[in-house]
K.L.:
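The structure follows.
Just follow the structure's listing: the first ligand is 1, and inside any ligand the first atom is 1.
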Amino acid sequence: MSKQEKYVSPEDIYDLQFPSDPQISPDGKKVIFVKKWIHKKEQKYYSNLYSVDTVRGTVVQFTRGEQKDIKPRWNRNGKQLLFIRSTQNKSELLSFYGGLGEPMPLISLEDGDIQDLAFSPDDKWVAVLIQKYDVSGEDRKKEPLKRDIDRLFYRLDGEGFRQKRAVQLFIVKSRGGRLIPITDVPRDVTDFAWNHDGTGIYYVTNDHEDPDRHMDEESIFFYSLKEKRHVRIEKPAGPIGWVQADPEGKYLYFAGHFKPGHSWGAVNSEIQQLHLETGEIHSLTASLDRTTDMVTLGDITPSFVKQKALFQTSEDLLFTVSSEGANPLFKFNILSGEITPLLDGPECVVSFSMSRDGKNIAVHLAQMERPDEIWLLELNSEKHFRRITFLNDEYMSSISCNVPEEYHIPSDNAVIQSWVLKPPGFNSKKKYPLLLQIHGGPRAQYGYTWFHEMQVFAAAGFVVLYTNPQGSQGYGHAFADAITGKWAEPAMNDLMAAVDYILELGFVDPEQCFVTGGSYGGYMTNWVISHTNRFKGAVTQRSICDLSSFFGTSDTGWDLEADFHDVPWKNPELYKKWSPITYADQIDTPLCIIHSENDLRCPVEQAEQLFVRLKYDKKPVRLVLFPEESHGLSRGGRPDRRVERLKLMLEEFRVKS
Ligand SMILES: CSCC[C@H](NC=O)C(=O)N[C@@H](C)C(=O)N[C@@H](CO)C(=O)O
């Protein structure tokens, strides 16, 4: 193929650049961002810091080396920059002063992990979140003699067996000094924020008497540096995504809701405004009926990024939501209550930061046209939005690919937002094989991101159809809640309606339809092929087939009670009814089961029992296991295994097409 006719391939992840977390300097003249890259020989991900001059556009590499440099944070006068550096055996908080020379360590740990940081308003202090290890040094590399488990939430996918020591809040002087412990709580401090004048710190933790059965009942405390006292901030029970103080010290803001006991993501997380004197709480975003959680899924764009609302002025608060495939940026005026869109196109504001005057906003932007880049929103006399990094331009100019086309497909009493990605060189007179992709969550959304996996299948000649069926987030609470207690319905109807609609357009061969999906998307793949034989082949990934065993083997399996309002041992029939394995007799579609051996979210037993069930009945089934990998293989697994997974799927579908 000529250079221009090169199409997207699985190996292209080695050519892609992954920018994130843009932090604009207080004067708006510089943006520091994280750039993740793949060390192909070592098969590892590293990240360094880069700097963009917002006037001249020049990009400079700020840190070098094979480590993970993350969370760059400016102080208020822009003279000091802190960031976290993680290497094999050390976690450090490093400081550049005046942007010169080598960074100096403010904190250096071999027995813990620095997870977050924030300057105090007067720049004199830095608050940090640290998790100290249960064991450190060489002992960390050995397996213990035994594991004595005494809590429900004892494992976490991607981490393994959880540290018994919780994440705690500390402070340290910004010019160096002793690390001063602030909290000593039994469960992780998950977020924090300095108050308006730096005399104290708000922090979030779960202090419920039975926290693992009430993971969505988190509390906010205020620690006064002067009085050295912790005070609970009274609020109704519910989860908290983040906390944020206002510049005036009148309110406390946080992301959350007050309906604990609902399945993860089924209730919108809203921006709550708490009056610090009266305790009165008011939701700023209820009228939007959108969640402030970033639940747009991708394999280049990070999902579930915690982006706090930021004050542009003392009365204007900027925030993002997940909505209809996008993550728009809105401005909320505290006085008028007016909500104004600042960025609301077919794009995803993954994260953002603001100059001191609020007039320059650095944005990590995802779009369907290209892999993520860093943009700058300038709000001077007029609004100007421009790209300031071009990291993936060389790659994009080397390949030929299409941009997905958007459809809004009627199904039952809903409209299903869908995208169709056609192969390069598409000819409307031809009939193409179809690949239906089903996302997981389920309360998540596909959206306006450049999706490597979708592009790989389009490049292989498939029309790729991906949709947000009911149960997805991004379309309001009722849409996300529509599958509660059922899980497979009405999602199945929506997915089939989307396939029927695309078939009607005439460019897909109805005999060459394939289906795949991961996690909940794998659950739906299993459900689809156990309820229709219209697909010629299926690949189910990190899937769920048996809700009863999932309840007891997943790292958060008992969250299913929030969906089914019952537990398997009290209502086995309900769990059996909504488990695809119940209908395995009806599966005749050739199936490839892909699963990570260390998947703790959807444990490998889900794959094993489905495989044995079908193999025992001599059905066309194949099981492919990925050693050492966790649930997130397709997004952050060892690069060569990510490539192998895609090549395996191409082989699976090509054999049958
Ligand atoms: C936005 S959903 C992710 C959180 C959810 N937690 C508990 O329910 C979850 O992990 N769901 C999995 C079953 C799932 O479908 N995960 C998706 C999205 O992360 C995946 O593609 O792996």
K.L.:
According to the interplanar angle, ranging from 0 to 90°, do the rings of F564 and W487 count as parallel (below 30°), tilted (30 to 60°) or perpendicular (above 60°)?
P.N.:
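F564 and W487: tilted rings.
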
K.L.:
May I ask you to decide if the ring planes of F258 and F254 are parallel, tilted or perpendicular, using 30° and 60° as cut-offs?
P.N.:
perpendicular

K.L.:
Decide yes or no for R162 and D188: does some side-chain heavy atom of the first lie under 4.5 Å from some side-chain heavy atom of the second?
P.N.:
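They are in side-chain contact.
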
K.L.:
Counting only heavy atoms not in K68, do more than 12 sit closer than 6.0 Å to its NZ atom?
P.N.:
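Result for NZ/K68: open.
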
K.L.:
Do E605 and T553 have side-chain atoms, one donor and one acceptor, less than 3.5 Å apart?
P.N.:
yes

K.L.:
Quick test of your reading: applying side chain to side chain donor-acceptor pair (under 3.5 Å), list the pairs with at least one residue in residues 567-580, sequence neighbours left out, ordered by first then second residue.
P.N.:
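Every side chain to side chain donor-acceptor pair (under 3.5 Å) pair that includes a residue of residues 567-580, provided the two are not neighbours, is D566-N571.
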
K.L.:
Protein residues near ligand 1, heavy-atom distance below 4.0 Å?
P.N.:
W264, F304, G440, G441, R443, A444, S519, Y520, R542, D559, R601, H631, R635

